[in-house]
Amino acid sequence: MAFKRSRVQLPYPPPLSMFAELTEDTLLDLDRMRHSAAHIMAAAVCRLHENVLLDIGGPSADDGFYYDFDLSTRLSPEDLPAIEKEMARLIAEDLPFERVEMGREEARRELEQRGQRYKLERLADIPAGEPITFYRCGDFMDLCRGPHAERTGDVKAFALLSVAGSYYRGLETNPMLQRVYGAAFASKAGLDEHLRRLEEARKRDHRRLGRELDLFSITDDVGPGLVHWHPKGARVRCLIEDFWRREHFAEGYDLLYTPHIGRSGLWETSGHLGFYRESMYSPMEIDSGQYFIKPMNCPFHIQIYKSGKRSYRELPLRWAELGTVYRYEKAGVLHGLFRVRGFTQDDAHIFCTPEQIESEIRATVRFAIRLFNAFGFKDFSAFLSTRPAKAIGEPGLWAHATSALETALKSESLAYTVDEGGGAFYGPKVDIKMKDAIGRQWQMSTVQFDFNEPERFDVSYVGEDGREHRPFMVHRALLGSLERFFGVLVEHYGGAFPVWLAPLQARVLPLTDRQAERCRAVLGELRAAGLRADVDESSGKIGAKIRTAQMEKIPYMLILGPKEVESGKVSVRGRAQGDLGAQALPDFIARLRDEDARKI
RNA sequence: GCCCAUGUAGCUCAGUAGGCAGAGCACAUCCUUGGUAAGGAUGAGGUCAGCGGUUCAAUUCCGCUCGUGGGCUCCA
């Protein structure tokens, strides 16, 4: 039984609590207790406000609870303390939760009498034959499946965290309800630990570190969702890209560069204007034609495929591109580097024969994991999304493709969940998720079949039989987008990049001005060895220079005073380890180059 | 897009019950040349997000716009 909720979409803020030490039973107890906390909150709101229309609430994510309701007044964060106080009172009263089962008609009358119109709709959703239950707690009674804690006093520690809008049933055509989120734990210590984790996540927030470490910015003047990579961020990106290119060549990929805009006809053929228009920007007029900025790279890669007649002997073709695309995202969903309007995908398209597809997919999954291992991600799982009701392409093709995906997941021993019918209309897919340093899950890679575009563009190859065949076409992005991947990486490392990715690997610190010249000479040697370094020539004391370097999270500091100048050594300080003593410069350089090469 | 909150110096944040705006850090200049996480002094830096309204007077009150943050997934 799936007691732990999983999500296909990127969660933010992501669930922080891992509860590794908790058993399934205690998790269920926690869920039950949080469900009750949600009811207590609803009861408190009903005590404080008139005409509260209840929708539903319950445990949320894996740390708290929420409840949705419709109120005549708008709740703001300032209202939370009063609700908390009322909740505390209900908890102190230690009221029992009483399960009341009733017939459908009786339930309807009950809800009508209370004027609970959302609840009436929810009641109608309950399939015939299932028991209809209410839970009573003092004078508060709510249609609810349960289960609940025994008494309100079982909620030992809670805090209300935020108010938010929430569409009824999550549909934006429905009225907007008010949602209050809270956290609840079995003990004060659990709650404190949770709040500590929230604080830890805040410290790692890539938007905050992006500013503090001068990595990137997004400015109002240019526009929301459009990223500027500052020198240090750009340096990290460059290192990621260099690594990515080397690995792709080693995996038998070729690289492409394609234009950023294309004629409307191209997008009509591809189907994007039909299916994807709401994510595309308005066309621009060039000569007498309309051009669209690309939301995807695939039509261009297909053009290259079609630039000549292809033989089965050429397949598989693996074509990758760091392709920059622009997509319209609703203003409210933009978020730092995680959700932007212009981004660079580490995109690739694989064209292959049916016989090749299984090994291609396997290699792709293995490749993704290998890449992520290099960045310190170790824990993976996957989602397999299969054929939806409305789909293009023959069922036989779908079955073949889906089994290739599944085989790859099994042979790589990836835990996966099947999202039955959750695939896009044009093909099944696998999404790979991974855990970061503090246990949060991120969905990064996607491997996706496409039965639509090859058809629309009439993509083919000549087989052994001399006849034309349709190749399989697979889209895949491993890192996802460089923007989002970089954001995750910043949070994963908390801004303290390992030596191989650090924008600056070492800083040379003169004790006084008299060592400045020697420091510049040391810098020259570091650079000549291919290392990234600079010198702090400011006039502060050594403590201040160390503090600055420490806050910039530079892996190594080399301190040079009269002693070092005389001995020809450097005093090394590690960002994490502190004072490492004096070393000969060549030894330090060798050590740094070794760490760089070993990606640590 | 929708709900709520929010926007004051490069950053973090005070402040004005409506009367020409303030701190710390960062920056510049000078003094200091100090051995492993902040030496000192002086100075520069603001259309108080933008536009409109009320007012003798608006950064402050009101409206709109833009941006940012939390959400809009699970769900009787």
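FYI, side chains are in, hydrogens and waters are out, and symmetry mates aren't considered; it's all heavy atoms of this structure. Residue numbers start from 1 in every chain, and the chains themselves are labelled A, B, ... in the order their sequence lines are given, proteins ahead of strands.
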Check: Between A23(B) and G63(B), how far is it from one P atom to the other, in whole Å?
Finding: 33 Å
Note to self: Within the 4.0 Å heavy-atom criterion, would you say Arg179(A) contacts the bases, only the backbone, or no part of the nucleic acid?
What the structure shows: base
Checklist line | Close side-chain approach of Phe380(A) to Lys435(A), heavy-atom, < 4.5 Å | finding: no
Check: With side chains defined as the heavy atoms from C-beta onward, is the minimum distance between Arg179(A) and Val163(A) less than 4.5 Å?
Finding: no
Notebook entry, point to check: Whole Å only: how far is the CG atom of Asp536(A) from the P atom of G35(B)?
Noted result: 16 Å
Check: Taking the same atom, P, in G10(B) and in U6(B), what whole-Å distance lies between them?
Finding: 23 Å
Note to self: Heavy atoms only, 4.0 Å cut-off, all strands: where does Tyr328(A) land among base, sugar-phosphate and nothing?
What the structure shows: sugar-phosphate
Check: Out of G1(B), A76(B), G34(B), which nucleotide sits closest to the side chain of Lys119(A)?
Finding: A76(B)
Check: If you measure from the P atom in G52(B) to the same atom in G39(B), how many Å do you get, rounded?
Finding: 48 Å
Item checked: Nearest-neighbour nucleotide for the Glu172(A) side chain, G34(B), A5(B), G1(B) considered -> G1(B)
Notebook entry, point to check: Base, sugar-phosphate, or nothing: which does Gly332(A) touch, judged by heavy atoms less than 4.0 Å apart?
Noted result: base
Notebook entry, point to check: Reckon Arg514(A) has a side-chain N or O less than 4.0 Å from the OP1 or OP2 of U33(B)?
Noted result: no
Notebook entry, point to check: Does a side chain donor of either Tyr168(A) or Asp55(A) reach within less than 3.5 Å of an acceptor in the other side chain?
Noted result: no
Notebook entry, point to check: Between Arg211(A) and U12(B), is there a side-chain N or O to OP1/OP2 distance below 4.0 Å?
Noted result: yes
Item checked: Between C1' of G69(B) and CG of Leu161(A), the distance in whole Å -> 15 Å
Check: Which one, G34(B), G1(B), A37(B), comes nearest to the side chain of Val333(A)?
Finding: G1(B)
Check: Mind checking whether Phe158(A) and Phe65(A) have ring centres under 6.0 Å apart?
Finding: no
Item checked: Under 3.5 Å donor-acceptor pair, Tyr167(A) side-chain atoms to G1(B) base atoms -> yes
Check: Using a 3.5 Å cut-off on both pairing distances, which stems of three or more Watson-Crick or G-U pairs include RNA chain B?
Finding: B:1-7 with B:66-72, B:10-13 with B:22-25, B:27-31 with B:39-43, B:49-53 with B:61-65
Next item on the list: Side chain of Thr512(A) only, please: which of U33(B), C72(B), G70(B) is the nearest?
Entry: U33(B)
Notebook entry, point to check: On a whole-Å scale, what distance lies between the C1' atoms belonging to C74(B) and A17(B)?
Noted result: 47 Å
Next item on the list: Fit a plane to each ring of Phe216(A) and Phe486(A), take the angle between them on a 0 to 90° scale, and name the class: parallel (under 30°), tilted (30 to 60°) or perpendicular (over 60°).
Entry: perpendicular
Notebook entry, point to check: Thr133(A) has a side chain; which of G35(B), A76(B), G39(B) sits nearest to it?
Noted result: A76(B)
Next item on the list: Answer with yes or no whether the side chains of Ser217(A) and His230(A) bring together a donor and an acceptor at under 3.5 Å.
Entry: yes
Checklist line | Base of G35(B) paired with side chain of Glu564(A) (donor-acceptor, under 3.5 Å) | finding: yes
Next item on the list: Verify side-chain hydrogen bond (donor to acceptor under 3.5 Å, both in side chains) between Gln178(A) and Tyr67(A), making sure each step is shown before the conclusion.
Entry: CA-CA 8 Å; Gln178(A) 302 194 68; Tyr67(A) 208 105; over 6 Å; no
Notebook entry, point to check: Given that Leu177(A) and Ser539(A) both sit by RNA chain B, which one's nearest nucleotide is further toward the 5' end?
Noted result: Leu177(A)
Notebook entry, point to check: Among G69(B), A76(B), C72(B), which nucleotide sits nearest the side chain of Met176(A)?
Noted result: C72(B)
Notebook entry, point to check: Any luck finding a side-chain donor-acceptor pair between Glu564(A) and Ser567(A) under 3.5 Å?
Noted result: no
Next item on the list: Side chain of Ala544(A) only, please: which of A38(B), U33(B), C3(B) is the nearest?
Entry: A38(B)
Next item on the list: Determine the Euclidean distance between corresponding P atoms of U55(B) and C2(B); express it in Å to zero decimal places.
Entry: 31 Å
Check: Nearest of A76(B), G67(B), U36(B) to any side-chain atom of Arg573(A)?
Finding: U36(B)
Item checked: Gap in Å between the two P atoms, one belonging to C4(B) and one to G40(B), rounded -> 48 Å
Notebook entry, point to check: If you look at every strand shown and take non-hydrogen atoms under 4.0 Å, does Ser571(A) touch a base, only sugar-phosphate, or nothing?
Noted result: base
Notebook entry, point to check: Cut-off 3.5 Å, side chains only: do Asn51(A) and Ser72(A) have a donor facing an acceptor?
Noted result: no
Check: If we take the P atom in both C27(B) and G34(B), what is their distance in whole Å?
Finding: 22 Å
Note to self: Go nucleotide by nucleotide along RNA chain B from the 5' end; which of Arg547(A) and Asp513(A) gets its closest nucleotide reached first?
What the structure shows: Asp513(A)
Check: Any idea which of A76(B), G1(B), G35(B) is nearest the Lys330(A) side chain?
Finding: G1(B)
Next item on the list: Would you tell me if any nitrogen or oxygen in the side chain of Arg145(A) comes within less than 4.0 Å of OP1 or OP2 on A76(B)?
Entry: yes
Next item on the list: Pick the C1' atom in C72(B) and in G43(B), then give their distance to the nearest Å.
Entry: 50 Å
